[in-house]
Amino acid sequence: MAKLCKISCATMHFFLAKYTSEAAVVEYIFKRYSYDAWGYKKIASELNLQGIKTKHNKEWTITAVKTILENRIYIGEIKWSNEYRKGKHKSIISQELWDKAQELRKEKSYTPEKIHPGSYPLSGLIKCPQCGSPMVQGNSSQKYKYYQCNRNKSSGKSACSSNLVSKEYAEEYVFNQILSVFNGMELSSILFQLTITNLDSVLVSLDDEIRALNKSLKLADKRITDLYNLTHSKDPNKKISEETFILLTNEIELEKVNTNQKLLDLEERVAVKNSLNLERNIDFTINNFTLFYDIISNNDKKALFHSIIKEVHVTLGTSPKGRKIKEIIYKFNEEDIKNSVAAS
């Protein structure tokens, strides 16, 4: 039974493939990739156009095709304790076909870096107007950049249309809408109240740590005094030698040095937090939000959008120019923030 539990999901995948239809699909994928130089997407798209589903009755995707091409089960091997070895089942494809496919995969793995990869901070937030799936970075040029339906990108046109949305238009529109929302919410005063509340909580925590460290220092001094008294004890069962006293006190003194360093660090943090001109800094950030957005990293821009926005809906349209943003769903509203401040 223990051996049976070690059989991987990939092995089970092979046993399902014993049926002629699935074995034929596996062979089709390897031959189109190896002999016709088809890419993952083209293979997935063609299978979907033919109405062929995966073993889980789903559409084929780039990932699904790639998984087939790297699965050694199809050449008669099984995975056992994270290692592949020869199995007792019959292979679906020849070793020659497998080797050719792996050679091509290795060659294609060394693809040059994109010249203009850009940043797509609204990826996952914009929803396809046709199927509702997330829209991601599309196949764009230096001049024209778009968000594209993820189902179309992964599974081809039989799954959904590309429904391209102009990157420049979408990001500019969403950013301006966020600015408008911020200005209408009097965000400076709200953020100031939230920050003060959170800062007070942090300072209380730091003060508790400082008190605990000071108490630890006093206990250390008492331990040294107690050891000193033991060196002069008249009770031979309690008396310790001067060598033992020096050894133990040296350890305690080292503890005190480390504790004092922690104490200095915490006191510096408290001093910095107490000296912050929060109201001025928050006002500057809100009033110069465009400047702030321009200087932050691409990852921070994406994090900013994803922390504020839940979904962005666009019209269906017949061309990229015809697709416009019709709704932005935020993760908050002004009433939620005010209630949060009131509850703090």
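Here the shortest heavy-atom pairing between G124 and K127 reads O-NZ, 3.0 Å. Closest of all the heavy-atom pairs between F30 and Y74 is CE1-CD1, 4.2 Å. Closest heavy-atom contact between I73 and I78: CD1-CA, 3.8 Å. Between I62 and A44, the closest heavy-atom pair is N-CB, 4.4 Å. Listed here is the closest heavy atom pair of A23 and I92: O-CG2, 3.7 Å. Taking each heavy atom of I75 and S94 in turn, the nearest pair found is CG2-O, 4.1 Å.
For Q95, the CD atom is densely surrounded, since the number of other residues' heavy atoms within 6.0 Å is greater than 12. In this structure, E96 places its CD atom where only 12 or fewer heavy-atom neighbours from other residues, nucleotides or ligands lie under 6.0 Å away.
Between the SG atom in C160 and the CD atom in Q148 there is a gap of 10.0 Å [rounded to 0.5 Å]. Rounding to the nearest 0.5 Å gives a distance of 11.5 Å between NZ of K215 and CZ of R211. Taken to the nearest 0.5 Å, the CG atom of N163 stands 7.5 Å off from the CG atom of N152. Note that the CG atom of N150 and the CD1 atom of I126 stand 12.5 Å from one another [nearest 0.5 Å]. Taking NZ of K145 as the reference point, atom OG of S119 lies at 10.5 Å (rounded to 0.5 Å). A distance of 7.5 Å separates NZ of K326 from OG1 of T315, quoted to the nearest 0.5 Å.
Under a hydrophobic clustering in which Ile, Leu, Val, Met, Phe, Trp and Tyr are joined whenever their side-chain heavy atoms come within less than 4.5 Å, directly or via other members, I329 and V314 fall into different clusters. A continuous path of ILVMFWY side-chain contacts below 4.5 Å connects L179 to L304, so both sit in one hydrophobic cluster. Under a hydrophobic-cluster definition in which Ile, Leu, Val, Met, Phe, Trp and Tyr are linked whenever side-chain heavy atoms come within less than 4.5 Å, directly or via other members, L125 and V136 are assigned to different clusters. Each of L49 and W38 belongs to its own hydrophobic cluster when Ile, Leu, Val, Met, Phe, Trp and Tyr are linked at side-chain heavy-atom distances under 4.5 angstrom. Following chains of ILVMFWY side-chain contacts shorter than 4.5 Å, one cannot reach I252 starting from L247, and the two form parts of different hydrophobic clusters.
Within the 4.5 Å cutoff, no side-chain heavy atoms of M135 are placed close to those of V312. Using a 4.5 Å heavy-atom cutoff, the side chains of P320 and R323 are in contact. Considering only heavy atoms from C-beta on, K321 stays 4.5 Å or farther from Y169 through its side chain. Side-chain contact between C149 and S133 is present, with at least one heavy-atom pair separated by less than 4.5 Å. R105 is listed as a side-chain neighbour of K66, based on a closest heavy-atom distance under 4.5 Å.
N71 places no side-chain N or O within 3.5 Å of a backbone atom of T67 that could act as its donor or acceptor partner. Proximity of a side-chain donor or acceptor of K239 to a complementary backbone N or O of T231 within less than 3.5 Å is detected. Under the 3.5 Å distance criterion, the side-chain polar atoms of K310 are left unmatched by any main-chain donor or acceptor of S307. No donor-acceptor pair closer than 3.5 Å links the side chain of T249 to the backbone N or O of I224. In this structure, the side chain of T54 does not engage the main chain of W60 through any donor-acceptor pair within 3.5 Å. Proximity of a side-chain donor or acceptor of N48 to a complementary backbone N or O of S155 within less than 3.5 Å is detected. Judged by distance alone, the side chain of Y147 and the main-chain N or O of L122 form a donor-acceptor pair under 3.5 Å. Side-chain atoms of Q102 come within 3.5 Å of backbone atoms of L69 as a donor-acceptor pair (strictly under, hydrogens ignored). With S45 contributing its side chain and K41 its backbone, the two residues share no donor-acceptor pair below 3.5 Å. At least one donor-acceptor pair under 3.5 Å links the side chain of K331 to the backbone N or O of H306.
A salt bridge is absent between K218 and D221; no separation between the charged side-chain nitrogens and carboxylate oxygens falls under 4.0 Å. In summary, K301 and E171 do not engage in a salt bridge, as defined by a charged side-chain N under 4.0 Å from a carboxylate O. Salt bridge absent: K55 and E22 never bring a charged side-chain N and a carboxylate O closer than 4.0 Å. Salt-bridge check for R223 with E255: passed, with a basic side-chain N closer than 4.0 Å to an acidic carboxylate O.
Y40 and Y33 have parallel rings, their planes meeting at less than 30° on a 0 to 90° scale where 60° marks the start of perpendicular. The aromatic rings of Y144 and Y146 lie parallel to each other, their planes meeting at an angle below 30°, with 60° marking the opposite boundary.
Cation-pi contact between K100 and Y35: absent, since separation from the ring centre below 6.0 Å together with deviation from the ring axis within 45° is not met.
Counting only N and O atoms by type, the side chains of Q177 and Y330 include no donor and acceptor under 3.5 Å apart.
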